[in-house]
Amino acid sequence: MVTTNDPELADRLKLLRLHGSRTKYHYEILGLNSRLDTLQAAVLRVKFRHLHEWTMARRRNASLYRSLFAQAN
């Protein structure tokens with residue numbers, strides 16, 4: 001599962017999802033056609049509830065690293 005608020009990235013990901021094709025039999029890039037099985041979908045459904053919390057933690061960690069690197073020059 002992929003989430004984004006970037007329209008260009010979303011377009012690229014959709015292209016990859018469809019074997020790299022916007023129109024039938026015309027492939028712009030090498031893409032995939034994969035499906036989630038039931039178990040993978042169930043796991044992602046549980047994990048999705050924590051996505052915002054995990055994103056905020058990554059941002060706090062990144063901010064800490066930026067600060068520490070700036071102090072260390």
Side-chain angles (χ1 to χ4, degrees):
M1 178 167 82
V2 178
T3 62
T4 182
N5 60 359
D6 181 335
E8 286 183 30
L9 179 58
D11 184 58
R12 176 103 171 136
L13 292 169
K14 286 177 188 175
L15 187 61
L16 288 169
R17 179 192 64 173
L18 299 171
H19 288 295
S21 175
R22 291 182 205 279
T23 59
K24 195 170 185 175
Y25 304 122
H26 181 262
Y27 301 97
E28 298 174 34
I29 59 173
L30 180 61
L32 303 169
N33 188 10
S34 60
R35 303 283 188 264
L36 291 178
D37 62 37
T38 306
L39 180 61
Q40 290 171 321
V43 169
L44 284 174
R45 187 174 180 174
V46 171
K47 292 176 91 173
F48 188 70
R49 295 178 195 142
H50 303 283
L51 182 62
H52 180 72
E53 174 189 335
W54 292 338
T55 300
M56 292 297 106
R58 282 194 301 276
R59 287 181 178 170
R60 283 191 303 272
N61 290 341
S63 178
L64 175 61
Y65 275 112
R66 277 192 296 275
S67 173
L68 292 172
F69 282 128
Q71 290 173 19
N73 288 326

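Index from 1, following the sequence.
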Qualifying residues under ring-ring contact (aromatic ring centres under 6.0 Å, His included), relative to His50, sequence neighbours excluded
Trp54
So which residues get pulled into Tyr27's cluster when ILVMFWY side chains under 4.5 Å apart are joined, directly or through others?
Tyr25
Tell me every residue that passes side chain to side chain donor-acceptor pair (under 3.5 Å) with Gln40, counting only those two or more places apart in sequence or in another chain.
none
Suppose we screen for side chain to side chain donor-acceptor pair (under 3.5 Å). Which residues come up paired with Ser21, at least two apart in sequence or across chains?
none
Could you tabulate the donor-acceptor pairs under 3.5 Å formed by side-chain atoms of residues 59-73, not counting sequence neighbours?
{"residue": "Asn61", "atom": "ND2", "partner": "Ala57", "partner atom": "O", "Å": "3.4"}
{"residue": "Ser67", "atom": "OG", "partner": "Gln71", "partner atom": "NE2", "Å": "3.4"}

Is there a side chain to side chain contact (heavy atoms under 4.5 Å, CB included) between Thr55 and His52 once you walk through the steps?
CA-CA 5 Å; Thr55 300; His52 180 72; 5.5 Å; no
From Thr4 atom OG1 to Asp6 atom CG, the distance as rounded to the nearest 0.5 Å:
4.5 Å
With sequence neighbours excluded, tell me which residues meet side chain to side chain donor-acceptor pair (under 3.5 Å) with Arg22.
Asp11, Glu28
With sequence neighbours excluded, tell me which residues meet side chain to side chain donor-acceptor pair (under 3.5 Å) with Arg49.
none
With clusters built from Ile, Leu, Val, Met, Phe, Trp and Tyr whose side-chain heavy atoms come within less than 4.5 Å, directly or transitively, what are the remaining members of the cluster of Ile29, listed by chain and number?
Val2, Leu9, Leu13, Leu15, Leu16
